[in-house]
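Notes for the one structure printed next.
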Amino acid sequence: MADELVHYDLDGGVATITLDSPHNRNALSAQLRRELTDALAKAVDDEHARVIVLTHTGTVFCAGMDLKEAKGADSEEQGVNGFPAILERLWTSPKPVVAKLAGPARAGGVGMVAAADIAVASTAATFAFTEVRIGVVPALISVTVLPRLAPRAAHELFLTGDTFDATRAVEVGLLNAAVAPDELDAKVAAYVDSLVRGGPAALAATKDLLQGERGRTMGDELQKMQAVSAHYFASDEGQEGIAAFGEKRPPRWAGVPTQSAAHSRHGA
């Protein structure tokens, strides 16, 4: 039997869900997705849980989809099955969700950060929407990320796939706070302490108020975006990008800017 990849712990009204798959940087493998789905359902149903904290072991919060599983995937199994339900559960949970990051998040991992009500990261964390770099589209995570990001930043970061740090993530709306690594536990504890002071029914109703119509239509949005995501994962371009990533080489379409173009870009 495979080792457990997601742990659930309840202490003092706080349900802590820990991603524990450091061997693949907590990538969203099929097993991890199943266990995370179960842990979130348990936290929502647990009458003693007042707040949910999503965190991780290892140096990386979540590297996104497990591309080893996505390689060669057919149209019905694109390595994204089950992920829409995770994003929806995080977003619509009647209990506040706090994301706690001691390290980087990429692609689907950033989608989960955005789905949380409050997100706090160490300044050691970095972020990137790397989908376009491997020929796929950040379709699913757009449902949770775009309501958080400033529009100009969304265009830049989604289209370039460039890495950005935790300070920039606060500036563009992805994070609530970025703190020194040795201050992360205390900052999350302060948020949790504030949250558990709220009445459970009042917190749930306030979350519904904040989400408005989007919270009620999220399932439909995610279903549409899953079809887009699956199409590009299965496409020739997507499969080439995934293969190139695994082989640590540039994909066939990757161009190298000319010297004059690079000079013009950096001098603009």
Side-chain angles (χ1 to χ4, degrees), residues 1-8 15-46 49 52-58 60-95 97 99 105-117 129-131 134 136-146 214-235 238-239 242 245:
M1 183 175 178
D3 291 339
E4 183 179 78
L5 301 183
V6 177
H7 309 307
Y8 181 89
T16 300
I17 297 173
T18 305
L19 309 182
D20 186 20
S21 184
H23 71 280
N24 67 350
R25 303 185 301 163
N26 289 317
L28 293 160
S29 64
Q31 181 187 344
L32 188 142
R33 295 196 306 273
R34 287 194 302 270
E35 292 183 16
L36 179 54
T37 298
D38 291 345
L40 288 169
K42 184 175 181 179
V44 169
D45 293 340
D46 193 331
I52 301 169
V53 175
L54 178 63
T55 187
H56 64 104
T57 64
V60 176
F61 173 73
C62 177
M65 290 300 167
D66 189 332
L67 295 182
K68 290 182 180 179
E69 292 184 351
K71 185 177 180 180
D74 62 31
S75 60
E76 297 299 321
E77 189 175 352
Q78 298 305 327
V80 297
N81 290 345
F83 190 53
I86 290 170
L87 292 179
E88 185 174 12
R89 177 68 84 172
L90 288 167
W91 186 276
T92 62
S93 162
K95 301 172 182 182
V97 179
R106 297 290 186 269
V110 189
M112 293 195 297
V113 172
D117 297 289
F129 303 102
T130 51
E131 287 88 345
I134 59 168
V136 298
V137 177
L140 277 173
I141 67 168
S142 72
V143 179
T144 59
V145 172
L146 291 182
R214 189 175 190 88
R216 289 179 281 278
T217 62
M218 174 164 280
D220 292 337
E221 289 184 70
L222 287 167
Q223 185 176 7
K224 292 176 184 176
M225 291 300 101
Q226 182 171 18
V228 174
S229 183
H231 171 77
Y232 282 94
F233 265 97
S235 70
Q239 289 297 305
I242 291 167
F245 179 85

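Nothing fancy with the numbering, it's 1 onward along the sequence.
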Do [X] and [Y] touch side chain to side chain, with heavy atoms closer than 4.5 Å?
X    : Y    : answer
N24  : K68  : no
F83  : T37  : no
D38  : Y8   : no
T144 : V110 : no
H56  : D20  : no
V44  : L40  : no

Minimum heavy-atom distance between [X] and [Y], given as atom pair plus value:
X    : Y    : value
L19  : F61  : CD1-O, 3.6 Å
E35  : V6   : OE1-N, 2.9 Å
N81  : R33  : O-NE, 2.7 Å
A15  : A43  : CB-CB, 4.0 Å
T130 : R106 : CG2-CD, 4.0 Å

Among side-chain atoms of D220 and T217, is any donor-acceptor pair under 3.5 angstrom?
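No, no side-chain donor-acceptor contact under 3.5 Å.
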
CD/E4: more than 12 non-hydrogen atoms of other groups inside 6.0 Å:
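Atom CD in E4 is packed in, count exceeds 12.
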
